[in-house]
There are 2 protein chains.
Amino acid sequence: MKSLADVARLAGVSKATASRALSGTGYVSERTRLLVTQAALDLGYVASTNAASLVTGRTRNIGVVSPYINRWFFAEVIDGVEEALLEDGYDLTLYRLRGDADQRARVFDYFLVRKRVDAVIAVGMDFASDDVGPLFSLRKPVVGVGSQLPGATTVGIDDIAASRLITRHLIDLGHRRILHLGGPIDGTATAVHSRRREGFRLEMASAGLSEGADVAPCEMTTAEAYTAVLEFLERAETLPTAIAAASDEVAVGAILAARTRGLTVPEDLSVIAIDDHPLSALFDLTTVAQAPSKQGRAAARLVLGILAGATPTAPGLIAAPLEITYRGSTAAPSSTSR
Amino acid sequence: MKSLADVARLAGVSKATASRALSGTGYVSERTRLLVTQAALDLGYVASTNAASLVTGRTRNIGVVSPYINRWFFAEVIDGVEEALLEDGYDLTLYRLRGDADQRARVFDYFLVRKRVDAVIAVGMDFASDDVGPLFSLRKPVVGVGSQLPGATTVGIDDIAASRLITRHLIDLGHRRILHLGGPIDGTATAVHSRRREGFRLEMASAGLSEGADVAPCEMTTAEAYTAVLEFLERAETLPTAIAAASDEVAVGAILAARTRGLTVPEDLSVIAIDDHPLSALFDLTTVAQAPSKQGRAAARLVLGILAGATPTAPGLIAAPLEITYRGSTAAPSSTSR
DNA sequence: GCGATGTATGGAACCGGTCCCAGAGACGTA
DNA sequence: TACGTCTCTGGGACCGGTTCCATACATCGC
């Protein structure tokens with residue numbers, strides 16, 4: 001491998017001058033600049049970012065932490081982040097960080113031990129406030145996406161508000177017995193699904209409908225939702241007239257389960273959700289759009305801005321506006337089921 | 001940030017000894033080893049991989065290139081790769097590499113220019129043989145997953161064989177007019193969807209059914225497949241009795257489109273596909289399972305093995321065995337439609 | 001007692017860049 | 001003429017580790 005010294009020698013200049021010529025910093029005459037770039041080209045010279053970051057302390061590399069990479073929201077966010085980083089010539093190092101037991105340990109091992117990221121973007125990480133300590137002890141910019149990161153700027157939507165919004169819509173349509181679907185029951189209160197469930201509870205309560213509020217917990221996947229809804233319908237005494245789902249993926253499971261049970265949507269059962277997953281259009285699902293890849297881009301921009309010297313925004317949620325995309329899965333409850 | 005020199009000073013030894021003590025190489029007495037590790041602990045010392053790799057030339061970092069990260073197969077593979085790498089303490093740097101125009105340029109820019117990966121795993125990259133040049137010029141291990149990489153070891157399934165298998169199953173059931181669904185028409189011949197289409201053609205031809213073979217191209221997404229099938233059914237003179245889909249995601253689009261048109265599966269239309277996507281169980285879809293996350297793991301293992309000194313396996317496909325998972329979406333054509 | 005071998009340690013070169021600082025011309029100005 | 005300023009270049013320290021080599025001592029066989 002050719003090094004900068006080789007280039008400098010061929011160009012007949014010093015290492016220092018060669019470095020300046022290639023990086024474009026400091027004073028270099030046009031003539032020598034051409035000389036050096038030509039020499040670099042001739043030798044097929046490629047710079048070592050390692051060596052550079054050793055002295056500059058900057059790696060042009062961003063760490064992305066996410067509990068999943070094979071679920072829609074997370075994958076979309078990462079996609080957006082990657083795109084934005086690429087535009088600025090940054091690399092993305094991916095860490096899947098799931099579970100709780102080894103969570104801290106891994107944060108320590110893989111971020112503290114190796115100091116090769118300039119900043120961290122945490123995607124949908126459900127960190128408790130005492131868990132983020134190690135993350136911040138890096139003294140590097142940290143930005144969250146999706147679930148809110150205590151003490152850090154987070155881009156996303158207000159999950160409680162979004163859930164209240166869809167619940168409200170069902171209530172406004174005339175529904176009184178509503179099932180909230182999705183999210184394991186043992187999640188922390190700050191988890192996205194917990195907050196969406198909380199929003200549902202709050203809205204039902206404020207409408208005086210706590211009696212009609214029911215909850216079916218399940219993992220946030222279509223398959224789990226399908227069986228959860230099937231089981232719920234099995235043992236329910238009075239059926240709900242509507243489902244407020246924690247996500248589109250879960251809602252699709254509900255719709256499929258309803259079909260299996262011979263219920264039609266929305267006549268027998270209205271379904272509404274949050275996300276605007278690409279499948280939701282196919283299932284004619286009313287939902288609240290959130291564009292995760294845009295959130296990813298925004299988070300990346302934020303981080304790059306801070307690295308470029310911008311003053312960091314105050315910790316807290318940078319919330320995207322909420323708007324319902326009305327489709328055919330919601331309607332007033334039919335008179336018979338009322 | 002504390003450096004090795006600080007640790008050495010505190011422990012009262014030289015940098016060299018401290019390095020040996022912490023890395024566990026060479027001769028170090030038990031006593032000084034404890035001394036050094038304790039000093040490192042006290043100071044909260046974290047080693048700089050950058051500095052280390054500068055001299056060793058190894059980064060403990062693997063580059064993963066993939067055209068998508070938000071599609072099931074790719075996300076699953078990356079997930080598997082990440083998991084396997086993590087176990088060995090390797091990092092994963094992700095590069096999304098799509099399109100063709102800037103494809104080469106990016107490979108050059110982001111791999112050659114920065115020499116900070118030890119090896120490359122190319123996930124579902126549809127590289128033409130003259131496109132892989134830059135990739136191999138890195139002189140680093142390269143392993144492919146999914147679509148076959150000319151000149152490199154690739155783990156995956158034999159797409160042509162898989163497609164022949166599902167087509168054969170339909171033929172064996174008695175179907176004579178079969179539609180192949182999925183994959184843009186302009187893809188290169190080596191692309192996964194092209195090869196699956198090719199497998200379909202071959203099997204139909206070898207059964208003397210070229211007449212009954214029809215093709216509906218579309219992007220490999222559920223939504224695109226949905227509209228493609230709808231349009232196809234619109235203008236088809238005689239309807240096919242079965243669909244061989246290039247992927248489960250596409251097959252789900254077909255099933256939904258069939259439902260929209262009032263066709264029932266499998267009575268009016270059999271559907272079979274390849275992948276065993278989690279949704280396929282919900283849609284009762286007969287399919288050929290491939291476990292992408294396992295493929296990812298396997299590829300990572302392969303790469304780690306080579307880096308550990310194992311002799312690289314010969315270029316070519318390491319194919320997983322093919323087996324149909326029989327579910328309810330396939331049946332003999334009904335007598336009326338026959 | 002002596003050389004060979006094994007264990008333990010330190011000094012210093014080295015990886016490949018960046019950047020501070022000194023110095024040399026060129027040019028403008030008092 | 002003398003001096004300040006600007007442009008351009010090179011020398012060399014430095015980032016933070018790893019590793020080669022030399023040295024020192026202990027042990028062992030003969």
Side-chain angles (χ1 to χ4, degrees), chain A residues 1-37 39-40 43-61 89 91 112-118 138-140, chain B residues 1-40 43-61 89 91 112-118 138-139:
Chain A
M1 272 291 96
K2 299 301 175 186
S3 75
L4 184 62
D6 299 320
V7 176
R9 199 175 310 120
L10 180 59
V13 298
S14 70
K15 262 175 66 185
T17 302
S19 172
R20 277 188 296 255
L22 292 175
S23 67
T25 58
Y27 290 116
V28 186
S29 76
E30 185 58 18
R31 205 183 89 82
T32 55
R33 203 185 57 73
L34 287 174
L35 230 56
V36 172
T37 47
L43 291 175
Y45 167 73
V46 285
S48 158
T49 19
N50 260 333
S53 56
L54 186 57
V55 40
T56 60
R58 314 198 52 179
T59 62
R60 296 194 76 77
N61 192 28
D91 281 355
L112 287 179
V113 170
R114 329 176 170 193
K115 15 185 164 176
R116 54 178 170 193
V117 296
D118 289 342
L138 292 170
R139 309 216 142 278
K140 287 176 181 164
Chain B
M1 271 293 94
K2 299 301 173 187
S3 74
L4 184 63
D6 299 319
V7 176
R9 200 175 309 122
L10 179 60
V13 298
S14 70
K15 263 174 65 183
T17 303
S19 172
R20 277 188 295 254
L22 292 175
S23 66
T25 58
Y27 290 117
V28 185
S29 75
E30 185 58 17
R31 204 183 88 84
T32 55
R33 203 185 58 72
L34 286 173
L35 233 54
V36 172
T37 47
Q38 187 56 48
L43 292 176
Y45 166 74
V46 287
S48 158
T49 18
N50 259 333
S53 57
L54 186 57
V55 40
T56 60
R58 311 197 54 179
T59 63
R60 297 193 75 78
N61 191 29
D91 282 355
L112 287 179
V113 170
R114 328 175 171 197
K115 15 184 161 176
R116 54 178 170 192
V117 297
D118 289 342
L138 293 171
R139 310 215 140 278

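In what follows, chains carry the letters A, B, and so on, assigned in the order in which the sequence lines appear, proteins first and then strands, with residues in each chain numbered from 1.
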| note | Separation of C/dG17 atom P from A/K2 atom NZ, nearest Å, is 12 Å

| field | Whether B/N61 side chain and B/V117 backbone form a donor-acceptor pair below 3.5 Å | value | no

| Distance (rounded to the nearest 0.5 Å) between B/T49 OG1 and B/D91 CG | 7.5 Å

| note | side-chain contact (heavy atoms from CB on, under 4.5 Å) filter on A/R31, not counting sequence neighbours, yields A/S29, A/L35

| said: Run the side chain to side chain donor-acceptor pair (under 3.5 Å) test against B/S53 and tell me which residues pass, sequence neighbours left out. | reply: A/N50

| query | Would you say a side-chain N or O of A/S53 is under 4.0 Å from OP1 or OP2 of C/dG17? | reply | no

| note | The side-chain contact (heavy atoms from CB on, under 4.5 Å) partners of A/A16 (sequence neighbours excluded) come to A/S14, A/R20

| OP1, OP2 of D/dT9 versus side-chain N and O of A/T32: anything below 4.0 Å? | yes

| remark: The side-chain contact (heavy atoms from CB on, under 4.5 Å) partners of A/A39 (sequence neighbours excluded) come to A/V7, A/L10, A/A11

| task | Check salt bridge (charged side-chain N to carboxylate O under 4.0 Å, His left out) between A/R33 and all other residues, then give those that pass, not counting sequence neighbours. | result | A/E30

| note | By side chain to side chain donor-acceptor pair (under 3.5 Å), B/T37 pairs with (sequence neighbours left out) none

| said: Just the rounded figure in Å: distance from C1' of C/dG16 to CG of A/D6. | reply: 10 Å

| remark: All heavy atoms of A/R60 vs all of B/R116, minimum pair found to be O-NH2, 3.1 Å

| message | What is the distance, to the nearest angstrom, from the CZ atom on B/R31 to the C1' atom on D/dC25? | response | 16 Å

| field | Spacing of A/L43 atom CG relative to C/dG16 atom P, expressed in whole Å | value | 14 Å

Distances for protein N/O vs nucleotides 5-7 of chain C N/O pairs under 3.5 angstrom?
{"residue": "C/dT7", "atom": "OP2", "partner": "B/Y27", "partner atom": "OH", "Å": "2.6"}

| remark: Contact check, residues 7-14 of chain B vs DNA chain C, heavy-atom distance under 4.0 Å, returns B/G12, B/V13, B/S14

| task | Nearest whole angstrom, please: distance from the P of D/dT18 to the CZ of B/R60. | result | 12 Å

Within the sub-3.5 Å range, which N or O atoms of nucleotides 18-28 of chain C have a protein N or O partner, and how far apart are they?
{"residue": "C/dT18", "atom": "OP2", "partner": "A/S19", "partner atom": "OG", "Å": "2.4"}

| request: Check side chain to side chain donor-acceptor pair (under 3.5 Å) between B/T56 and all other residues, then give those that pass, not counting sequence neighbours. | output: none

| note | Between CG of A/L54 and P of C/dC15 the distance, given in whole Å, is 14 Å

| request: Please name all residues satisfying salt bridge (charged side-chain N to carboxylate O under 4.0 Å, His left out) with A/R9, sequence neighbours left out, ordered by chain then number. | output: A/D6

| task | Output the distance between atom CG (A/L54) and atom OG1 (A/T59), rounded to the nearest 0.5 Å. | result | 12.0 Å

| request: May I have the distance from A/L22 (atom CG) to C/dG17 (atom P), rounded to whole angstrom? | output: 9 Å

| What's the CD-P distance between B/E30 and C/dA8, to the nearest Å? | 10 Å

| said: So which atom in B/Y45 and which in B/L22 form the shortest heavy-atom distance, rounded to 0.1 Å? | reply: CE2-CD1, 3.6 Å

| said: Could you work out how much the helix from C/dG1-D/dC30 to C/dA30-D/dT1 bends, comparing the axis of its first five pairs with that of its last five, to 10°? | reply: 50°

| field | Heavy-atom pair of closest approach, residues B/D118 and B/G57 | value | OD1-O, 4.1 Å

